[in-house]
Amino acid sequence: MTSGKKTSKSYSKNNAAHDRRARIEAARKIEAARERRNRIITIGISGVVVAGLVGFGVYVINKENAEEKQTVAERKEPITGEKVWDAKKLGQTHVKGAVSYPDKPPVGGDHHQAWMNCDAKVYKEPIPNENAVHSLEHGAVWVTYTDKAAKADVEKLEKKVKDTSYSLMSPYKDQAGAIMLTAWGKQLTVDSADDPRVNKFFSKYVLGEQTPEKGATCSGGVEGK
């Protein structure tokens, strides 16, 4: 009888140990399955994220290329209403005295050896033609206005000039239009700062193809008021 009881207890212990190992093994399998599932989900999400980033990158590149092509195309198109001079016929000699320019403001020609500072400069008082023309030679756009220009338009143009290197702005008493934009051999008259041709003029002629001295600086010259 004693032997039978020992055998029964031993059998029960073995069954208990077996059940415990089975539970542990089952738990391990469940955990392993969970880890595999998490890895698959992570890989899937990563793949979606990477694909999204790649797709977004391609979209941005294509958009930038399209915008660049559009900008290049716009620069080649003439601006409605602009006046154009033969750049080859505009003198570029440095002179010491005053120059009698046929146009107001002048669009080019002989000029002073020192240029007006034109690195996003707004002048509240008139500046010398001879220095401003030298700035045009360096690729600057010169914005001028009379007292007939609306204050709001003047303020908008001042902001644009202050945000644009190789541009300058000053009042010009006896010009024909209230607001005029001038580059070397190019000139445009507008009635409002909101005229879309203003942005086109800046885009096309700030350091544009008309520039006689590309690479020349717009700082280090004459400073006006």
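Numbers here are sequence positions counted from 1. All figures in this text were calculated on a predicted structure; none of them were measured in a lab.
In summary, the side chains of Asn129 and Tyr172 do present a donor paired with an acceptor at a separation below 3.5 Å, with no hydrogens or angles considered.
Considering Val198, Asp191, Val190 as possible partners of Ile179, the one that fulfils the side-chain contact (heavy atoms from CB on, under 4.5 Å) test is Val190.
Distance alone, capped at 3.5 Å, places no donor-acceptor pair between the Glu158 side chain and the Val122 backbone. A donor-acceptor pair under 3.5 Å is formed between the side chain of Thr164 and the backbone N or O of Lys160. Side chain of Thr182 to main chain of Val107: no donor-acceptor pair is present (N/O by atom type, distance under 3.5 Å, no hydrogens or angles). Gln187 places no side-chain N or O within 3.5 Å of a backbone atom of Met180 that could act as its donor or acceptor partner. Side-chain atoms of Asp119 do not come within 3.5 Å of backbone N or O of Ser165 as any donor-acceptor pair. Listed for the Asp153 side chain is no donor-acceptor partner under 3.5 Å among the backbone atoms of Ser192.
Across all non-hydrogen atoms, the minimal contact from Leu90 to Gly109 is CB-N, 4.0 Å. Minimum interatomic distance between Phe202 and Ser167 (heavy atoms only, all atoms of both residues): CE2-CB, 3.9 Å. Residues Trp184 and Gln92 come closest through the heavy atom pair CZ2-CG, 3.6 Å. Contact between Lys186 and Val84 at its shortest, heavy atoms only, is NZ-CG1, 3.4 Å. Of all heavy-atom pairs between Lys204 and Pro78, the closest is NZ-CA, 3.6 Å.
The hydrophobic clustering, which links ILVMFWY residues whose side-chain heavy atoms are closer than 4.5 Å, places Val222 and Val99 together. Leu168 and Tyr101 fall within the same hydrophobic cluster, where Ile, Leu, Val, Met, Phe, Trp and Tyr residues are linked whenever their side-chain heavy atoms come under 4.5 Å apart, directly or through other members. One hydrophobic cluster, built from ILVMFWY side chains closer than 4.5 Å, holds both Leu207 and Leu188. Ile127 and Val143 fall into different hydrophobic clusters, where Ile, Leu, Val, Met, Phe, Trp and Tyr are joined by side-chain heavy atoms under 4.5 Å apart, directly or via other members. In terms of hydrophobic clustering, with Ile, Leu, Val, Met, Phe, Trp and Tyr side chains grouped at heavy-atom distances under 4.5 Å, Val95 and Leu136 are assigned to a common cluster.
Between His134 and His94, the angle of the ring planes lies from 30° to 60°, which puts this pair in the tilted group. Under the 30°/60° scheme for interplanar angles, the aromatic rings of Trp115 and His138 are found to be tilted.
No salt bridge links Lys88 with Asp86; every basic N to acidic carboxylate O contact stays at or beyond 4.0 Å.
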Are Val161 and Tyr123 close enough, and set up right, to give a side chain to side chain contact (heavy atoms under 4.5 Å, CB included), and what steps lead you there? CA-CA 10 Å; Val161 169; Tyr123 298 105; over 6 Å; no

* To do: May I have the step-by-step check of side chain to side chain contact (heavy atoms under 4.5 Å, CB included) for Tyr145 and Leu157, ending in yes or no?
  => CA-CA 10 Å; Tyr145 61 96; Leu157 290 168; 5.8 Å; no

Show your working on side chain to side chain contact (heavy atoms under 4.5 Å, CB included) between Met116 and Lys121 and close with a plain yes or no. CA-CA 9 Å; Met116 289 299 299; Lys121 299 295 295 185; over 6 Å; no

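Within the 4.5 Å cutoff, no side-chain heavy atoms of Pro126 are placed close to those of Ser170. Here the side chains of Val154 and Met169 are in contact, with some heavy-atom distance below 4.5 Å. Side-chain contact check for Gln113 versus Glu130: every heavy-atom pair is 4.5 Å or farther apart. Side chains of Gln175 and Thr146 form a contact here, defined as non-hydrogen atoms less than 4.5 Å apart. Taking the side chain as every heavy atom from C-beta outward, Ile79 and Tyr205 approach each other to under 4.5 Å.
Note: Glu137 CD to Thr211 OG1 = 10.0 Å, rounded to the nearest 0.5 Å. Put simply, OG1 on Thr80 and NZ on Lys200 are 6.5 Å apart, with the number rounded to the nearest 0.5 Å.
The environment of Lys159 atom NZ is sparse: at most 12 non-hydrogen atoms of other residues, nucleotides or ligands sit within 6.0 angstrom. For Glu213, the CD atom sits in a packed shell: over 12 heavy atoms of surrounding residues, nucleotides or ligands are nearer than 6.0 Å.
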